[in-house]
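Excluded from the calculations below are hydrogen atoms, water molecules and symmetry mates; all remaining heavy atoms, backbone and side chain alike, are included. Numbering of ligands and ligand atoms starts at 1, following listing order.
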Amino acid sequence: MNELGRLEDLPADYVQALRAQNLVPLWPSLRAVLPPGQPRPATRPTHWSYAALRPLLLQAGELTPIERAERRVLVLANPGHGLEKMQASAAMYLGMQLLLPGEWAPSHRHTPNAVRMVVEGEGAWTNVDGEKCPMRRGDLILTPTGLWHDHGHDGDEPVVWLDVLDLPLVYYMEASYHVDGPRQAVKPGHGERAWTRSGVVPMPVFQRSARAYPMLRYPWVEARAALQSLAADQPALEAVQVGYVNPETGADALNILGFYALMLRPDQSLRLPVRSPACVFHLIEGAAEARIGGERFTLSEADTCCAPGFSAVTLANGSSSEPAFLFMADETPLHRKLGVFENRG
Ligand code: GTQ
């Protein structure tokens with residue numbers, strides 16, 4: 001590889017003359033923007049302990065009333081990007097949101113897509129496009145781009161959930177904005193009831209479903225049962241994994257980020273293929289260890305960690321008697337659409 005010329009090699013008055021015309025020489029920066037062989041992600045392997053963040057989140061509940069916060073969220077920021085960027089990876093944003101009994105997070109809609117992974121507490125709900133979705137531990141609830149949503153809480157204990165948004169990407173695209181709106185009336189219909197049985201689906205003989213997103217709530221009881229059935233049916237299967245899809249099209253549930261649930265059998269250690277997208281792991285149930293690049297994280301329930309793209313990841317169940325269940329979010333749909341997806345095995 002040739003040693004490329006540096007900026008300092010050029011006469012200062014020449015560089016100045018370029019700058020005056022909004023011109024920049026490529027060659028001093030060529031290797032930075034096109035590094036050899038593989039990208040150099042800013043995203044760092046990072047672990048967020050729920051035990052450490054929970055008291056700080058509850059403290060936010062005392063310090064800032066919901067009216068002053070709109071969304072009471074502590075952002076899980078990746079230090080590799082700089083905390084102020086509020087990114088977990090290039091395309092993913094993660095936040096832990098707290099809603100206290102009786103509180104209401106007002107209705108709005110925005111261009112970034114969001115999902116909620118419910119972490120703890122009973123009695124909260126999200127109204128998405130008129131569908132009132134109860135929030136139970138492990139449930140995945142979509143708020144696709146442009147749909148109205150508000151969060152309410154009729155229970156009597158704090159409710160916490162993990163928000164995953166494609167905000168960093170949409171913001172980078174200069175396409176991020178929100179609109180406030182009135183409280184949304186609850187409409188009839190629950191996607192997960194209509195799409196509830198394997199192998200048989202609603203047949204819109206006269207009319208295709210009017211909704212681009214026919215299913216908004218993916219109950220954990222169903223995803224967990226699917227993983228256990230899969231594991232029982234295929235004892236030799238290494239990766240006991242399901243993906244959250246749009247049941248009408250079979251495509252990824254949302255356009256930009258992908259969502260999955262994974263079961264590790266007791267004592268199982270699973271090496272994941274090295275792939276281009278960054279990936280987030282959130283432990284729903286059990287105990288696990290994540291080895292990401294040279295880092296090693298012990299995950300307790302509700303812990304979250306992040307792996308940069310092109311990194312070697314091994315997940316291990318920390319129990320010899322119980323399965324472990326993980327929720328995963330990644331940038332695969334985006335990479336595929338852009339044509340840059342790679343799986344290096
Ligand atoms: O609940 O609508 O973590 O709009 C960030 C932005 C949550 C939400 C976040 C949001 C929301």
Side-chain angles (χ1 to χ4, degrees), residues 46 48 50 53-54 56-58 60-61 63-78 81 83-121 123-136 139-154 158-184 213 216-218 253-257 259 280 282 302 304 306 327 329:
T46 305
W48 295 272
Y50 190 63
L53 79 78
R54 187 178 187 276
L56 297 169
L57 187 57
L58 291 174
L63 293 171
T64 308
I66 192 71
E67 296 74 23
R68 302 284 311 276
E70 213 165 286
R71 298 293 189 264
R72 194 191 288 109
V73 175
L74 292 182
V75 178
L76 281 55
N78 193 302
H81 289 273
L83 299 183
E84 70 289 348
K85 290 280 183 58
M86 300 199 297
Q87 300 179 229
S89 71
M92 289 188 284
Y93 156 104
L94 300 173
M96 280 286 180
Q97 182 159 171
L98 170 69
L99 201 62
L100 294 171
E103 287 185 336
W104 182 59
S107 192
H108 70 186
R109 59 188 175 88
H110 41 68
T111 45
N113 295 275
V115 302
R116 334 273 162 207
M117 166 50 53
V118 184
V119 173
E120 69 163 286
W125 46 265
T126 293
N127 182 337
V128 185
D129 196 25
E131 181 174 326
K132 189 171 176 179
C133 302
M135 302 179 95
R136 301 212 178 83
D139 288 356
L140 183 74
I141 298 169
L142 311 185
T143 29
T145 178
L147 298 193
W148 293 108
H149 54 281
D150 58 342
H151 315 301
H153 191 346
D154 306 326
V159 166
V160 177
W161 64 82
L162 177 68
D163 290 317
V164 186
L165 280 78
D166 49 24
L167 177 61
L169 176 76
V170 178
Y171 181 78
Y172 178 74
M173 301 295 291
E174 301 187 336
S176 180
Y177 72 97
H178 92 283
V179 180
D180 290 323
R183 196 173 190 127
Q184 300 301 304
Y213 300 93
L216 296 170
R217 174 170 181 258
Y218 296 74
L254 292 177
N255 284 326
I256 295 176
L257 302 181
F259 307 101
V280 161
H282 173 81
T304 306
C306 163
F327 167 66

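- With hydrogens left out, the protein atom closest to atom 1 (O) of ligand 1 is His151 NE2, 2.7 Å, a heavy atom.
- Close approach to Val73 involves these atoms of ligand 1, each under 4.0 Å from a residue heavy atom: 3 (O).
- Near His110, meaning under 4.0 Å from any of its heavy atoms, are these atoms of ligand 1: 2 (O), 4 (O), 10 (C).
- Checking Thr143, Asp150, Asp163 against atom 9 (C) of ligand 1, the nearest heavy atom belongs to Asp163.
- Remark: minimum distance from atom 5 (C) of ligand 1 to any protein heavy atom is reached at Tyr93 OH, 3.5 Å.
- The number of heavy-atom neighbours closer than 6.0 Å to CD of Glu174, taken from other residues, nucleotides and ligands shown, is 12 or below.
- Considering Val115, Leu254, Asn113 in turn, Val115 is the only one that fulfils the side chain to side chain contact (heavy atoms under 4.5 Å, CB included) rule with Val164.
- Exactly one residue among Leu140, Asp139, Thr126 makes a side chain to side chain contact (heavy atoms under 4.5 Å, CB included) with Val118. That residue is Asp139.
- For atom 4 (O) of ligand 1, the nearest non-hydrogen atom from the set Gln97, Arg71, His108 belongs to His108.
- Nearest to atom 6 (C) of ligand 1 among the protein's heavy atoms is Leu165 CD2, 4.0 Å.
- Distance alone, capped at 3.5 Å, places no donor-acceptor pair between the Thr304 side chain and the Trp48 backbone.
- The shortest heavy-atom distance from Arg116 to ligand 1 is under 4.0 Å.
- Ring geometry, His110 versus His108: the interplanar angle exceeds 60°, so the pair is classed perpendicular (tilted spans 30 to 60°).
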